[in-house]
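The structure appears right after this line, and notes come after that.
By convention here, the first residue in the shown sequence is residue 1. Values below: every heavy atom of this structure, side chains too, minus hydrogens, waters and symmetry copies. Quantities reported herein were computed from a predicted structural model and do not represent experimental measurements.
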Amino acid sequence: MKRNIVIAVVTAAALVGGGTATALAVAGDDDDTTSVTRTDDDRDDRGEDRSDDQDNRGEDRSDDRDGDDDDGAVRAAAGGVTAAEAITAALKHTPGTAVSAELDDGSWEVDVLAGGDTWHTVRIAQDSGKVLGAQKDDEDDAAEVRAALKGASVTAGDAAKAAAAKGTVVSVGLDDDGDDRGWEAETRASGGDERDWSVGLTTASVTADRDDD
C-alpha cells in the first residue's frame, strides 16, 4: 500500500533557534524514507555573511581609492618631466627668461618673459615633455622682473634643480617683493607633505621659507 507524503513542521527548531524549520518526509513503496530539513535561520545567516563580505570589499576599495587620490599628484610629478626639464623645453620653444613653472592638471605651465617685454605661457606635457601650446599674456610687470633679476646668476631652471634635493618640485617662481628677493619653490614628499623653499639668486642655496615654519 502506498504511503502519503508527510509534511511536518518542526516546532522545536523554532523554539530553540528563533526560526522556522520545515521537515519533508517522503516515503515510497519500499519503506525507505528520505527527509530534508530546511532552516530559515541558515538562509538568513548565509545572507548576512554575504552582505558583510560585500560591505568589507566596498570599504577596502574606497580606502584604496582615497589613498590613490592623496598620492596621485606626487606620483605624477615624480614619474615624468621635472620642473627643470619643463623649463628647458619651454625656452627652446619660446626663447627668453623663464620666471615661473607650475604643475597643473598633468602639464607644466611655464611663464617666459621674451624680447620686447612680452609674456608667454608655454604648456609642456608632464608625461612626454612635448609642447602642448603657447599663448601671449598681457602682463605689465616686465620692468620689475628684469630689475629683480639684474645681476642674478641662478635661473629658474637652476633653482628647480637645487630644490629637487628637498623633494619633488611642483612649482618654482620668482619672488621680487621686498629686500629678500629670490626664487620660491614648492616640493612634495612621497607622503604628500608640502614644503616651501627659498633659493638664492646668486648662490642657489636652498633654505626653508620662513613663512612655512
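L201 and G182 get closest at one heavy-atom pair: CG-CA, 3.6 Å. Minimum heavy-atom separation, R123 to S107: NH2-OG, 3.8 Å. Closest of all the heavy-atom pairs between A84 and K161 is CB-CG, 3.6 Å. In terms of heavy-atom proximity, G96 sits nearest to V112 at CA-CG1, 3.9 Å. Of all heavy-atom pairs between G129 and A89, the closest is O-CB, 3.9 Å. Minimum heavy-atom separation, A159 to V172: CB-CG2, 4.1 Å.
Put simply, the side chain of H120 does not reach to within 4.5 Å of the side chain of D137, judged on heavy atoms. At least one side-chain heavy atom of W119 sits under 4.5 Å from a side-chain heavy atom of D141. Contact of the V170 side chain with the E102 side chain is not registered, since no non-hydrogen atoms from C-beta on lie closer than 4.5 Å. The shortest side-chain heavy-atom distance between W197 and T187 falls under the 4.5 Å cut-off. Looking at E186 and R188, their side chains come closer than 4.5 Å, going by heavy atoms from C-beta outward.
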Verify side chain to side chain contact (heavy atoms under 4.5 Å, CB included) between D196 and E184, making sure each step is shown before the conclusion.
CA-CA 7 Å; D196 293 327; E184 292 182 332; over 6 Å; no
Give the intermediate values and the outcome of side chain to side chain contact (heavy atoms under 4.5 Å, CB included) for residues V131 and V122.
CA-CA 7 Å; V131 176; V122 184; 4.1 Å; yes
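Legend: residues meeting side chain to side chain contact (heavy atoms under 4.5 Å, CB included) with A98, ordered by chain and number and at least two apart, are I87, L91, V110, A156. Annotation: side chain to side chain contact (heavy atoms under 4.5 Å, CB included) contacts of T155 (sequence neighbours excluded): D158. In this structure, the side chain to side chain contact (heavy atoms under 4.5 Å, CB included) partners of S100, at least two apart in sequence or on a different chain, are D111. Qualifying side chain to side chain contact (heavy atoms under 4.5 Å, CB included) partners for K130, counting only residues two or more places apart in sequence or in other chains: S128.
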Check: residues 143-150 side-chain donor-acceptor pairs under 3.5 Å, at least two apart:
unit_1 : atom_1 : unit_2 : atom_2 : d
R146   : NE     : D117   : OD1    : 2.8
R146   : NH2    : A114   : O      : 3.1
R146   : NH2    : D117   : OD1    : 3.3

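A distance of 12.0 Å separates CD of E109 from OG of S171, quoted to the nearest 0.5 Å. L103 CG to I124 CD1: the interatomic distance, rounded to the nearest 0.5 Å, is 12.0 Å.
For residues 86-97, no residue pair satisfies the side chain to side chain donor-acceptor pair (under 3.5 Å) rule, not counting sequence neighbours.
Judged purely by atom type and a 3.5 angstrom limit, W183 uses its side chain to pair as donor or acceptor with the backbone of V154. Within the 3.5 Å criterion, the main-chain N or O of T202 finds a donor-acceptor partner in the side chain of S153.
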